[in-house]
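Order of appearance sets the numbers: ligands from 1, and atoms from 1 within every ligand.
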Amino acid sequence: MRFEGKRAVVTGGASGIGRATALRLAQEGAHVIVGDLDAEGGAAIADASGGAIAFLRTDVTHEADIVALLAAADAAGGLDVLFNNAGAGGARAPIGEIAAEDWDATMALLLRSVALGIRHAAPLMAKRGGGAIVNTSSVSALGTGYAPTAYSTAKAGVLHLTRLAAADLAGDGIRVNAVVPGFITTGIFTRHLGIAGEKLAAADAAIAGVAAGAQPIQRAGTPEDIAAAVAFLASDDASFVTGTHIVIDGGLTIGTRASWDRQSPSLLTALEAFR
Ligand code: NAI
């Protein structure tokens, strides 16, 4: 019950990582307000929570919506925790083809929203002596080949913003950290490609299969894996942790496949033939 008596705001909490985190925080005693575009998913999580989770329809690309969401927590007794997590795949074009407005829309959704979340949470947290902010980045912030260019650039921005905000806000007792998820089976992949209906379950299974084979810990990542790390960073267990991130990726980013898969060709196996 690390969040007994605390109030948390979770953006993108109607689905996937945000949903699992809202449930985890509520399970540990928090009163949670979920802000999301998806009114149906938001109503569903509020209904399932037995009163611990409220829903406010929010578009994180609209500053006024962010302000209203945070004000709701403030009015209910004060804002203790903010999880800036809402997101989607963004523009898919490579840098040589991307349209300026698609670039801007991706940055607005994935980077500007996080900046504005921090911007408007900070004074509310400062007036109560502090708080904890966690932002969702991605392994695509650490290397290439994981996600489209605009998305990956925004997620790298989230990581550096996390450090800068931690430095700016430490004096107000506010800690700012990030989570860096690897492949996590959520709706983000299928929604991005417009896959729905009968094909959804098969597509989800295919994604889980690819994810399970892509890293040394050979299972698909789950939203609950990320929720556990967010709960740690948001809790007093992490009271000495700020301006950093936790990578939760099953080892996806530790090195080349040859480092953990003995069947995978490496320089050494290639040279064996010449001995
Ligand atoms: P998801 O699609 O299950 O959940 C995303 C939620 O954000 C949805 O409920 C959606 O309605 C909401 N959302 C989208 N645009 C919004 C807006 N303008 N305003 C408010 N809400 C909005 O996807 P998932 O995977 O749970 O994504 C959560 C975060 O995790 C995202 O920031 C994503 O980029 C990030 N992430 C996901 C990874 C994965 O493998 N699933 C890997 C790395 C990062």
Side-chain angles (χ1 to χ4, degrees), residues 9-24 33-46 55-66 68-70 83-92 105-114 116-117 134-143 145-148 150-159 161-162 178-196 200 203-204 207-208 210-212 214-215 220-227 229-230 245-250 252-253:
V9 164
V10 174
T11 71
S15 173
I17 291 168
R19 183 176 193 279
T21 302
L23 290 169
R24 174 71 187 250
I33 305 182
V34 161
D36 200 295
L37 272 182
D38 175 5
E40 202 179 312
I45 190 174
F55 172 69
L56 194 59
R57 192 183 179 283
T58 306
D59 183 343
V60 296
T61 65
H62 293 167
E63 185 175 16
D65 283 15
I66 294 174
L69 178 65
L70 298 171
F83 183 31
N84 282 310
N85 165 75
R92 273 193 277 160
T106 303
M107 295 301 147
L109 174 60
L110 294 170
L111 182 54
R112 181 178 179 269
S113 66
V114 177
L116 290 177
V134 183
N135 305 316
T136 302
S137 179
S138 157
V139 289
S140 67
L142 307 179
Y146 299 115
Y151 177 99
S152 306
T153 305
K155 292 297 191 182
V158 168
L159 272 195
L161 173 61
T162 297
V179 285
V180 175
F183 288 122
I184 312 299
T185 43
T186 71
I188 199 166
F189 301 106
T190 42
R191 198 171 298 134
H192 195 45
L193 298 172
I195 299 170
L200 190 56
D204 280 344
I207 293 162
V210 171
Q215 67 254 335
T222 66
E224 290 73 21
D225 290 324
I226 310 304
V230 177
H245 59 271
I246 299 180
V247 180
I248 310 115
D249 70 347
L252 181 67
T253 54

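For the pair L109 and ligand 1, the shortest N or O to N or O distance does not fall below 3.5 Å. Not a single N or O atom of T136, backbone or side chain, sits closer than 3.5 Å to an N or O atom of ligand 1. Of the N or O atoms in I184, one or more lie within a sub-3.5 Å distance of an N or O in ligand 1. Taking only nitrogen or oxygen atoms, main chain and side chain alike, S138 does not reach within less than 3.5 Å of ligand 1. The N/O atoms of D36, backbone and side chain alike, include one that comes under 3.5 Å of an N/O atom in ligand 1. Between G35 and ligand 1, no pair of N/O atoms sits closer than 3.5 Å.
Nearest-heavy-atom check against atom 37 (C) of ligand 1 across L37, I17, T186 picks out I17. With S113, G182, G90 as candidates, the residue nearest to atom 42 (C) of ligand 1 on a non-hydrogen basis is G182.
Rounding to the nearest 0.5 Å gives a distance of 5.5 Å between CG of N84 and OG1 of T11. Interatomic distance, CD1 of I33 versus CG of L70, reported as 9.0 Å (0.5 Å rounding). For the atom pair CD1 (I207) and CD1 (I195), the distance works out to 6.5 Å, reported to the nearest 0.5 Å. The line from CZ of R19 to CD1 of I45 is 5.0 Å long, rounded to the nearest 0.5 Å. Annotation: the span from N85 atom CG to T136 atom OG1 amounts to 3.5 Å, rounded to 0.5 Å. Separating the CD1 atom in I248 from the CD1 atom in I246 is a distance of 6.0 Å, to the nearest 0.5 Å.
Y151 OH, 2.6 Å is the protein heavy atom nearest to atom 34 (O) of ligand 1. For atom 3 (O) of ligand 1, the closest non-hydrogen atom on the protein side is S15 OG, 2.5 Å. When hydrogens are left out, the protein atom nearest atom 14 (C) of ligand 1 is G87 O, 3.6 Å; that is the closest non-hydrogen contact. For atom 2 (O) of ligand 1, the closest non-hydrogen atom on the protein side is R191 NH1, 2.5 Å. Closest to atom 27 (O) of ligand 1, if we only count protein heavy atoms, is I188 CD1, 3.9 Å. Shortest contact from atom 19 (N) of ligand 1 to any protein heavy atom: V60 N, 2.9 Å. In terms of protein heavy atoms, atom 18 (N) of ligand 1 is closest to D59 OD1, 2.9 Å. Of all protein heavy atoms, the one closest to atom 22 (C) of ligand 1 is A86 CB, 3.7 Å.
Proximity of L193 to R92: side-chain heavy atoms (C-beta onward) are separated by under 4.5 Å at one or more points. Residues T153 and M107 meet the side-chain proximity criterion, which asks for heavy atoms closer than 4.5 Å. You'll find the side chain of F83 reaches within 4.5 Å of the side chain of I17, heavy atoms only.
For ligand 1, the atoms lying closer than 4.0 Å to a non-hydrogen atom of F183 are 40 (O). Of all atoms in ligand 1, numbered sequentially from 1 with element shown, those under 4.0 Å from a heavy atom of G187 are 2 (O), 3 (O). Listed by number with element, the atoms of ligand 1 under 4.0 Å from a non-hydrogen atom of G16 are 3 (O), 26 (O). Using a 4.0 Å cut-off to heavy atoms of T58, the atoms of ligand 1 that qualify are 19 (N), 20 (C). Of all atoms in ligand 1, numbered sequentially from 1 with element shown, those under 4.0 Å from a heavy atom of G12 are 6 (C), 7 (O), 12 (C).
Side-chain atoms of S113 do not come within 3.5 Å of backbone N or O of T61 as any donor-acceptor pair. At distances below 3.5 Å, not a single donor-acceptor pair connects side-chain atoms of S137 with backbone N or O atoms of A178.
In this structure, R19 does not count as a contact residue of ligand 1, since none of its heavy atoms falls inside 4.0 Å of the ligand. Under the 4.0 angstrom criterion for non-hydrogen atoms, N85 is in contact with ligand 1.
In summary, of the residues considered (D36, L37, V34), a side-chain contact (heavy atoms from CB on, under 4.5 Å) with R57 occurs for L37 alone.
The aromatic rings of F183 and Y146 sit perpendicular to each other, their planes meeting at more than 60°, with 30° as the lower class boundary.
Of the N and O atoms on the side chains of D65 and T58, not one donor lies less than 3.5 Å from an acceptor on the other residue.
With a heavy-atom cut-off of 4.0 Å, S137 touches ligand 1 through its backbone alone.
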